[in-house]
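Read the structure below first, then the notes.
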Amino acid sequence: MKKSAFALTRRAAAVALLAAPFLLAHAADFPSKPIKFIVPYSPGGTTDLVARTVGQKVSEKLGQPVLIDNRGGAGGNIGMDAVAKAAPDGYTIGFGAISTNALNPHIYKSMAFDPRKDFTAISLLGMSTIVLEVPASSPIKTVPDLIAAAKKNPGLPYATAGAGTSMNLAGVMFAQMTGTELTHVAYKGSGPAITDMLGNTIGVMFDNLPASLPHIQAGKLRALAVAGSTRSPSLPDVPTMAEAGLKGYALEPWFGVYGPAKLPAPIVKALNEAFVEALAMPDVKAKLQQAGFSPRGSTAQELTTLTDTEYKRLGDVAKKAGMTAD
């Protein structure tokens with residue numbers, strides 16, 4: 001058995017050595033065909049908007065189509081697993097997030113990939129804003145009102161776009177810091193949850209701002225606070241959680257572009273430059289900021305450091321809260 005395992009290891013190493021020159025040789029011609037950009041969530045959400053807006057500009061920069069491939073499910077794990085298992089040639093990249101690359105490994109019973117080992121960081125895409133909201137008809141008008149209602153009604157339900165999402169984490173942090181007991185109701189995306197909010201089927205929600213912003217602006221939902229460290233330019237009159245009384249509360253979902261592990265440096269450089277340039281374009285920034293997203297590119301190393309740091313931090317939070325997902 002040992003001899004067989006050793007032979008397999010040597011064979012894998014030999015294949016890797018043979019593949020390396022091939023990949024490097026083709027890196028100089030990169031890209032020579034369309035690039036698949038896997039978004040591990042359903043169409044129509046924040047990630048889809050960002051991917052399509054930025055992907056179009058990256059396509060123009062690189063001279064090849066960037067094809068958006070939505071593969072939702074398992075909190076983003078299905079799509080990112082496909083990225084992890086793709087050939088490290090730059091033609092399959094993924095839209096990673098705080099959930100898929102930092103939180104999920106701590107809460108899912110089974111993970112098909114290790115975000116610290118199975119990806120090559122390319123560039124940060126930016127930050128989203130989580131908003132705490134209630135239906136416009138709700139008697140809850142402030143964060144203190146919500147805390148009082150939660151203490152009066154232990155187990156008060158709140159909605160999110162899914163288990164293990166950053167919105168779920170926002171609710172867990174809220175309960176921890178306020179000493180309240182909340183019941184998480186996980187929907188399959190923001191759309192169905194917002195529908196139930198508008199129909200007063202559920203009365204509290206933590207959501208990514210881009211999905212809820214039109215309903216807040218239309219006066220159908222009431223924003224109580226945002227979860228970030230600063231107010232959102234899209235909702236300048238809405239306080240942060242800290243301003244609303246929860247000092248030290250801050251959660252800013254981040255998103256980044258990742259490729260499979262062992263992506264050659266020249267390809268990482270080409271992709272990084274294209275994404276950073278696209279994110280800095282005035283029309284891209286204006287469109288995404290209007291939707292409640294804060295675009296920002298980075299070096300590959302900065303995204304690597306952020307991923308490692310957040311992996312450790314969120315692991316502690318998840319463990320303390322006993323967060324789990326199937």
Side-chain angles (χ1 to χ4, degrees), residues 12-13 15-40 47 50-69 71 76-77 79-102 105 112-127 254-281 284 288 295-311:
V15 170
L17 286 172
L18 290 171
F22 175 81
L23 290 172
L24 288 173
H26 283 71
D29 300 326
F30 180 83
S32 59
K33 62 181 182 180
I35 296 169
K36 182 187 297 182
F37 192 8
I38 295 179
V39 178
T47 52
V50 176
R52 293 180 187 281
T53 302
V54 179
Q56 179 183 348
K57 300 297 184 180
V58 170
S59 173
E60 294 170 4
K61 167 72 175 176
L62 296 178
Q64 289 290 341
V66 173
L67 309 176
I68 307 302
D69 183 355
R71 297 195 195 183
N77 290 343
M80 290 308 288
D81 183 44
V83 177
K85 289 179 170 54
D89 56 12
Y91 293 104
T92 299
I93 55 178
F95 196 118
I98 184 175
S99 53
T100 57
N101 290 70
F113 60 85
D114 184 335
R116 299 166 299 173
K117 300 177 181 178
D118 295 336
F119 298 105
T120 300
I122 295 172
S123 172
L124 188 68
L125 284 165
M127 312 287 187
W254 49 265
F255 303 87
V257 186
Y258 296 84
K262 299 180 181 178
L263 199 59
I267 293 178
V268 174
K269 183 175 184 292
L271 288 168
N272 175 271
E273 290 177 350
F275 273 96
V276 170
E277 183 177 311
L279 289 161
M281 292 179 176
V284 171
L288 297 183
R296 182 166 76 84
S298 73
T299 65
Q301 184 56 51
E302 285 172 335
L303 179 57
T304 297
T305 301
L306 176 66
T307 304
D308 292 342
T309 301
E310 288 286 84
Y311 182 93

*Are side-chain heavy atoms of Thr307 and Arg116 found at a separation under 4.5 Å?*
no
Shortest non-hydrogen pair, Ala121 vs Ala300, comes out as O-CB, 3.4 Å
Sorted by chain and residue number, the ring-ring contact (aromatic ring centres under 6.0 Å, His included) partners of Tyr258 (sequence neighbours excluded) come out as Phe119
Interatomic distance, OG1@Thr53 vs CE@Met281, rounded to 0.5 Å, equals 12.5 Å
Sequence neighbours excluded, the answer for side chain to side chain donor-acceptor pair (under 3.5 Å) partners of Lys33 is none
A side-chain contact here means heavy atoms from C-beta on lying under 4.5 Å apart; do Phe113 and Asn101 qualify? no
In this structure, CG of Asp81 is separated from OG1 of Thr100 (nearest 0.5 Å) by 11.5 Å
Looking only at heavy atoms, the pair that brings Ala87 and Pro260 closest together is O-CG, 3.6 Å
Considering only heavy atoms from C-beta outward, does the side chain of Tyr91 approach that of Pro34 to under 4.5 Å?
no
OG1 (Thr120) and CG (Leu303) are apart, to the nearest 0.5 Å, by 10.5 Å
Taken to the nearest 0.5 Å, the spacing of Ile93 CD1 from Ile38 CD1 works out to 9.5 Å
On a heavy-atom basis, the closest approach of Pro65 and Ser59 is CA-OG, 3.4 Å
- Message: Using side-chain contact (heavy atoms from CB on, under 4.5 Å), reason through Ile122 and Leu263 one step at a time and then give a plain yes or no.
- Response: CA-CA 9 Å; Ile122 295 172; Leu263 199 59; 4.0 Å; yes
**Request:** Mind running side-chain contact (heavy atoms from CB on, under 4.5 Å) on Trp254 and Leu306 for me, showing each step along the way?
**Result:** CA-CA 9 Å; Trp254 49 265; Leu306 176 66; 3.6 Å; yes
Heavy-atom nearest pair, Lys57 first then Ala278, reads CB-CB, 3.6 Å
Note, Lys269 side chain near Glu273 side chain (heavy atom, < 4.5 Å):
yes
Checklist entry - Any side-chain heavy atom of Leu271 sitting closer than 4.5 Å to one from Leu62? => result yes
Here the pair of heavy atoms bringing Pro40 nearest to Gly79 is CB-CA, 3.8 Å
Looking only at heavy atoms, the pair that brings Phe255 and Ala97 closest together is CD2-CB, 3.6 Å
### Task
For the residue pair Pro266 and Phe30, establish whether any side-chain heavy-atom pair is separated by less than 4.5 Å.
no
Count the heavy atoms of every other residue, nucleotide or ligand shown that sit under 6.0 Å from NZ of Lys85, and state whether that count exceeds 12.
-> yes
Quick one, Leu288 and Val54 - any side-chain contact, counting heavy atoms below 4.5 Å? yes
| said: Between Ser123 (side chain only) and Ser298 (backbone N and O only), is there a donor and an acceptor less than 3.5 Å apart? | reply: yes
Across all chains, not counting sequence neighbours, the ring-ring contact (aromatic ring centres under 6.0 Å, His included) partners of Phe275 are Phe37
Interatomic distance, CG@Asp89 vs NZ@Lys262, rounded to 0.5 Å, equals 14.5 Å
The reported gap from CD in Glu302 to CG in Leu124 (rounded to nearest 0.5 angstrom) is 8.0 Å
